[in-house]
Each structure stands twice: as C-alpha cells, then as structure tokens.
Amino acid sequence: MTDYRTQSWNAMPALIAAVQAAGDAIGLPYIAAQADLGDPEPMGDAEGRPYAETSFRWIDPDHAYWRDRKLALHIAFLTAARLVAEPFFYSDGRLHTWRSTGLLDAVDCEQAKNTPNFGEAIVAPVHLPRGLVGAVFWCSREPVGVEALFGKHAGDLHNLALKLVATHNEARGRPRNATVPQTLTRREVQCLRWAAAGKTDGEIGIILSLSVSTVRFHLRNAATKLGATGRAQSIQLAAGLGFVGARAA
C-alpha cells in the first residue's frame, strides 16, 4: 500500500471521533456516513468492518441499515445528497437549507416522517471529482431546534464531512483510475463539449471546421489523457473534472 494511503487510513480514527464528537456536542448524536453512494458496501475501516458497527450509533440500535445493499436507491436523504452539494437539514417532514430551492422541495420525505423515534437531522453531502458523491448524517430522536443548529454549525459539519469522505476514498484508492490528468488542449475540450451536447463526429467537424478524422483524433487524445475507455466515460470524467460544463453535459 502506498504511503499516502497508509497515512489516510491512519487519519481516519481521529476524523471518525471528531464527527461523533461534533454530533454529541449539538444534540445530534446518531450518525451515518457513506463515502460513495454508488458503492453498495458500507463505509468501513481497513479491515472492512463497517463504521456503523464499530464507531457510530444509530437511532434504532437493532436496525442494521448498512446491510441493505439497495439503501442508496430509496432513502430520501441520499436522493437529496445527489441533487445538492450544500448541507441541508430535515425537520417536520421537509428538507431545508440556507436558501429556497426546488431541488429539495421535490424530495419526498414521507418515509423519514413515518420512522419511529426519528426527530431531526443535518446532512452534509460531499461531491468530489470523477463523480464520487458521499454524505454524512447527524440525527436526533426528537426535535432539537435543528434550524438554529444548522445556522450555527452547518459550515463546520460540512467541513468535517468533506475531510472524512475525501480521506476515506483516498485510503481505499478510489476512484481506481484517479490519476492527475494531462492538460487538455483547446480543441480537445471543444470536441468534448460538443460531444457532451449530443453532436456526432460529423456535426462537430462542421461546427469546428475540422475533418471527421481530426475530430476523432482529438477525442481519442482526450480519452487517453482522462484515462477513459470510451466516448461516454470521456464525457463523464471531463464533466466531473470541470472541463465540460453542466449545460453541455
């Protein structure tokens, strides 16, 4: 294992303790965390033991939620964590953040509302390059005035969540193809942006006044630099690294 991965694993216990201490201090002591919502395996230590078993406690101690491999597909908070990169809070059956947003208003929280002993929560999504999305949840069993807590502590909690998720993913070597990409040329970026917009190689050639073979040359070069295996992955990675804007992607 490389030194940086060993250092990341060594940093995890202190980060886990800090996340738990932050929740204890503000009355949201029940914690769940996932470093990659696309990974059905629970977030765990170097030996594969879930933090939900070894470190964090949950509202219902008998509910081993982390064993549900489809959890990320049907939990409202995880849906919301995919939609927004800002911390948000749950109270009285609804999600809120520091501003009004239709993205959170559209999330159905009926399941959380009907869960016994579930009070309020602050959720910190973590969006990392290359499409990695994680989240940390601080929850209570009863109302604790979470709106005021959010206003005072959301920034610090979000910072802790970012450190935890980023460090854990680094320790696990994720994503597997994470390398520092070579700088893309202007033409490579232009071809990727039009490809992301759904244009064919021929259409890109017309738009940029290039031959089809030249367009394909630039797209192949971009894929090699990004470590992608095809057009779709090239676009995904380019978007995740900020080469292709959200409008095009």
- Worked check of salt bridge (Lys or Arg N to Asp or Glu O under 4.0 Å) between Glu188 and Lys225: CA-CA 10 Å; Glu188 288 163 357; Lys225 291 178 179 180; 3.0 Å; yes
- Message: Are the side chains of Ser234 and Leu219 in contact, using a 4.5 Å heavy-atom criterion?
- Response: no
- Task: Give the minimum heavy-atom separation between Pro29 and Arg57, together with the two atoms involved.
- Result: CB-NH2, 3.4 Å
- Please confirm whether the backbone N or O of Gly155 pairs with a side-chain atom of Asn159, one donor and one acceptor, at under 3.5 Å? no
- Query: Counting only N and O atoms by type, is there a donor-acceptor contact under 3.5 Å from the side chain of His127 to the main-chain atoms of Val84?
  - Reply: yes
- Query: Within 45° of the axis and under 6.0 Å from the centre of the six-membered ring of Phe118, does NZ or CZ of Arg141 qualify?
  - Reply: no
- Does any N or O in the side chain of Ser8 come within less than 3.5 Å of the main-chain N or O of Tyr4, such that one atom is a donor and the other an acceptor? yes
- Does Ile206 share a hydrophobic cluster with Val212, counting links as ILVMFWY side-chain heavy atoms below 4.5 Å and allowing steps through other members? no
- Item | Atom CZ of Arg186 with >12 non-hydrogen neighbours under 6.0 angstrom | no
- How many angstroms lie between atom CD of Glu86 and atom CG of Leu104, to the nearest 0.5 angstrom? 8.0 Å
- Item | Donor-acceptor contact present, side-chain Thr97 to main-chain Arg99, <3.5 Å | no
- Message: Main chain of Pro143, side chain of Ser140: is a donor-acceptor contact present, judged purely on distance under 3.5 Å?
- Response: no
- Over all heavy atoms of both residues, which pair between Ile59 and Cys139 is shortest? Give the atoms and the distance, please. CD1-CB, 4.0 Å
- Polar side-chain atom of Asn169 near backbone of Ala35 as donor-acceptor pair, under 3.5 Å: yes
- Item | Minimum heavy-atom distance Ala238-Leu192, with the two atoms named | CB-CD1, 3.9 Å
- Query: Salt bridge check: are Asp92 and Lys113 linked by an N-O gap of less than 4.0 Å?
  - Reply: no
- Query: Would you say Thr167 and Met12 make side-chain contact, with heavy atoms under 4.5 Å?
  - Reply: yes
- Task: Over all heavy atoms of both residues, which pair between Leu184 and Ala222 is shortest? Give the atoms and the distance, please.
- Result: CD2-CA, 4.0 Å
- Task: Check whether any side-chain heavy atom of Phe88 sits under 4.5 Å from a side-chain heavy atom of Pro125, and report yes or no.
- Result: yes
- Message: A side-chain contact here means heavy atoms from C-beta on lying under 4.5 Å apart; do Val136 and Val19 qualify?
- Response: yes
- Query: Do you know which two heavy atoms are closest between Val146 and Glu120, and how far apart they sit?
  - Reply: N-OE1, 3.2 Å
- Query: Is the closest side-chain heavy-atom distance between Asp60 and Asn117 below 4.5 Å?
  - Reply: no
- Taken to the nearest 0.5 Å, the spacing of Leu162 CG from Leu128 CG works out to 6.5 Å
- Can any side-chain N or O of Trp194 pair as donor or acceptor with the backbone N or O of Lys199 at less than 3.5 Å? no
- Task: Mind jotting down which residue pairs meet the ring pair (Phe, Tyr, Trp, His ring centres under 6.0 Å) criterion with at least one end in residues 131-166? Sequence neighbours excluded, please.
- Result: Phe89-Phe150
- Hey, is CD on Glu53 packed in by over 12 heavy atoms from elsewhere, all under 6.0 Å? yes
- Message: Is a donor from one side chain sitting under 3.5 angstrom from an acceptor on the other, for Arg193 and Gln190?
- Response: no
- Measure the shortest side-chain to side-chain distance between Trp66 and Gln34 over non-hydrogen atoms and say whether it is less than 4.5 angstrom. no
- Query: Do Phe217 and Ile207 share a hydrophobic cluster (ILVMFWY, side-chain heavy atoms under 4.5 Å, transitive)?
  - Reply: no
- Query: Quick one: CD1 on Ile26 to CG on Leu157, what's the gap to the nearest 0.5 Å?
  - Reply: 4.5 Å
- Task: Would you sort out whether Asp105 and Thr101 count as a side-chain contact (heavy atoms from CB on, under 4.5 Å), showing the intermediate values?
- Result: CA-CA 7 Å; Asp105 289 343; Thr101 168; 6.0 Å; no
- Taking atom types as modelled, is there a side-chain donor on Asp3 or Gln7 under 3.5 Å from an acceptor on the other? no
- Message: Check Arg172 with Asp45, please: is the shortest side-chain N to carboxylate O separation under 4.0 Å?
- Response: no
- Item | Results of side chain to side chain contact (heavy atoms under 4.5 Å, CB included) for Thr200 - residues two or more places apart only | Glu203
- Is the side chain of Thr115 donor-acceptor paired with the backbone N or O of Gln111 at a distance under 3.5 Å, no angle test? yes
- How many angstroms lie between CD1 in Ile16 and CG in Leu164, if you round to the nearest 0.5 Å? 5.0 Å
- Does the side chain of Leu210 reach to within under 4.5 Å of the side chain of His218, using non-hydrogen atoms? yes
- Message: Would the distance check show the side chain of His168 and the main-chain N or O of Gly44 forming a donor-acceptor pair, the cut-off being under 3.5 Å?
- Response: yes
- Message: Is there a side-chain contact between Leu208 and Thr214 in this structure, where contact means two heavy atoms from C-beta onward sitting under 4.5 Å apart?
- Response: no
- Message: Could you report the tightest heavy-atom contact between Ala135 and Val165, atom names first, then the distance?
- Response: N-CG2, 4.3 Å
- In this structure, CG of Leu37 is separated from CG of Leu132 (nearest 0.5 Å) by 9.5 Å
- From SG (Cys109) to CD1 (Ile75), nearest 0.5 Å: 10.5 Å
